[in-house]
Amino acid sequence: MRSFDETMWSPPGSRPHIEIPASGQVHALAEVYLAQTRTWWAEQDDSRPFEAVFRPVAPEFRHLTVAWLDQLTADITAEHLDDLHTALGARLRHIAPFDVTVGPAIMGLYALELYVAPHPQADAVAAAARAAIREVFGAQAAPEPPPARPWRPHITACYGRQRADTDALASRIAYTFAPDTEHLITPATMPVDAVLLVDQNTWGPTGLAWDTDTARRIPLGHPQPG
């Protein structure tokens with residue numbers, strides 16, 4: 001595992017993100033995998049504390065990113081954000097709420113991630129979010145992902161802060177048991193009925209977070225007025 005800071009954007013600062021918030025079922029799943037990761041790290045011959053090597057995502061900020069705009073929020077007008085909110089609402093009202101399957105966890109290059117099974121409606125939400133960004137900010141603002149690297153939905157449980165040999169952790173994660181049982185943990189079902197439009201700083205001083213005071217909730221399947 002490498003430090004996620006190696007991927008830091010430039011210039012630093014918060015940017016608009018469109019995200020699906022994690023559900024309670026997903027929080028429970030993430031906590032089990034994080035406990036497994038902490039147990040594994042305690043067994044390693046490494047004096048670094050867990051928090052120096054891993055940075056868990058706080059439960060209130062766990063999410064599935066569907067799109068984001070690579071422009072500093074500080075450089076964007078309130079009117080543009082209002083327009084983006086409106087454009088998102090117009091597109092998402094045509095997509096009915098749905099459920100996705102979350103899990104198992106996988107050890108990525110920079111993070112411990114909860115895999116999200118492909119779902120056509122999740123793909124539609126992501127495509128709608130990208131289209132809304134392009135409508136407001138221009139054709140190059142949110143390009144479609146190339147076929148070689150398609151959109152891969154996931155929910156990050158924790159990021160790497162320092163380099164560490166986590167090959168063995170990947171194997172341990174694959175054998176995570178449900179609490180107080182002898183059964184391997186099973187994926188969770190996460191309902192999706194809205195997205196959040198947030199001002200997120202992925203590399204903030206306390207880790208990934210967004211401005212909860214300005215976050216906007218935009219429902220799926222919302223009927224047109226009148």
Side-chain angles (χ1 to χ4, degrees), residues 1-9 12-41 50-70 100-119 122-123 125-126 129 145 149-167 169-174 176 185-192 194-212 215:
M1 180 185 66
R2 300 178 183 177
S3 169
F4 188 60
D5 286 351
E6 295 177 24
T7 69
M8 187 178 295
W9 52 44
S14 63
R15 287 160 166 77
H17 281 64
I18 302 166
E19 303 177 339
I20 297 170
S23 66
Q25 302 95 318
V26 172
H27 292 320
L29 190 68
E31 292 300 331
V32 173
Y33 282 118
L34 284 170
Q36 179 79 301
T37 303
R38 288 182 180 274
T39 298
W40 175 84
W41 184 251
F50 179 85
E51 289 74 15
V53 181
F54 301 90
R55 172 169 273 171
V57 178
E60 62 268 29
F61 298 123
R62 291 179 188 143
H63 66 278
L64 189 168
T65 299
V66 294
W68 62 287
L69 175 67
D70 191 11
V100 292
T101 300
V102 182
I106 57 175
M107 193 68 232
L109 186 60
Y110 299 100
L112 177 66
E113 301 173 351
L114 301 179
Y115 173 79
V116 177
H119 194 291
D123 292 342
V125 169
R149 289 183 64 84
W151 180 62
R152 188 181 68 83
H154 62 278
I155 296 172
T156 299
C158 71
Y159 292 103
R161 300 188 71 181
Q162 297 181 17
R163 291 198 173 217
D165 183 359
T166 52
D167 286 349
L169 174 58
S171 179
R172 176 71 72 88
I173 287 295
T176 299
I185 195 165
T186 57
T189 298
M190 185 176 82
V192 179
V195 303
L196 297 179
L197 172 58
V198 300
D199 176 17
Q200 177 178 302
N201 191 344
T202 305
W203 291 274
T206 59
L208 185 151
W210 58 71
D211 186 340
T212 56

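One-based numbering along the sequence shown.
Contact annotation: the side chain of Pro145 never approaches that of Arg152 to less than 4.5 Å [non-hydrogen atoms, C-beta and beyond]. Taking the side chain as every heavy atom from C-beta outward, Arg163 and Glu6 approach each other to under 4.5 Å. Pro191 is listed as a side-chain neighbour of Gln25, based on a closest heavy-atom distance under 4.5 Å. Side-chain contact between Phe54 and Leu169: present, with at least one pair of heavy atoms (C-beta onward) separated by less than 4.5 Å.
Of all heavy-atom pairs spanning Ala164 and Val53, the tightest one is CB-CG1, 3.8 Å. The shortest non-hydrogen separation linking Val57 to Arg62 is O-NE, 3.4 Å. Closest non-hydrogen pair, Thr166 versus Trp40, comes out as CA-CH2, 4.1 Å. Taking all atoms of both residues into account, the shortest heavy-atom contact from Phe4 to Thr202 is CE2-CG2, 3.6 Å.
Taking Glu19 as the reference, nothing meets the salt bridge (charged side-chain N to carboxylate O under 4.0 Å, His left out) condition, with sequence neighbours excluded. Judged as a salt bridge (charged side-chain N to carboxylate O under 4.0 Å, His left out), and not counting sequence neighbours, the contacts of Arg15 are Asp70.
Note: Thr156 OG1 to Leu114 CG = 8.0 Å, rounded to the nearest 0.5 Å. To the nearest 0.5 Å, atoms CG (Asp5) and CD (Gln162) are separated by 10.0 Å.
Ring-plane geometry between Trp9 and Trp203 is classed as perpendicular, the angle between the planes exceeding 60 degrees on a 0 to 90 degree scale with a lower cut at 30. Ring geometry for Trp68 against His17 counts as parallel: the plane angle stays under 30°, on a 0 to 90° scale with 60° as the upper cut.
The closest donor-acceptor contact from the side chain of Arg161 to the backbone of Glu51 lies under 3.5 Å.
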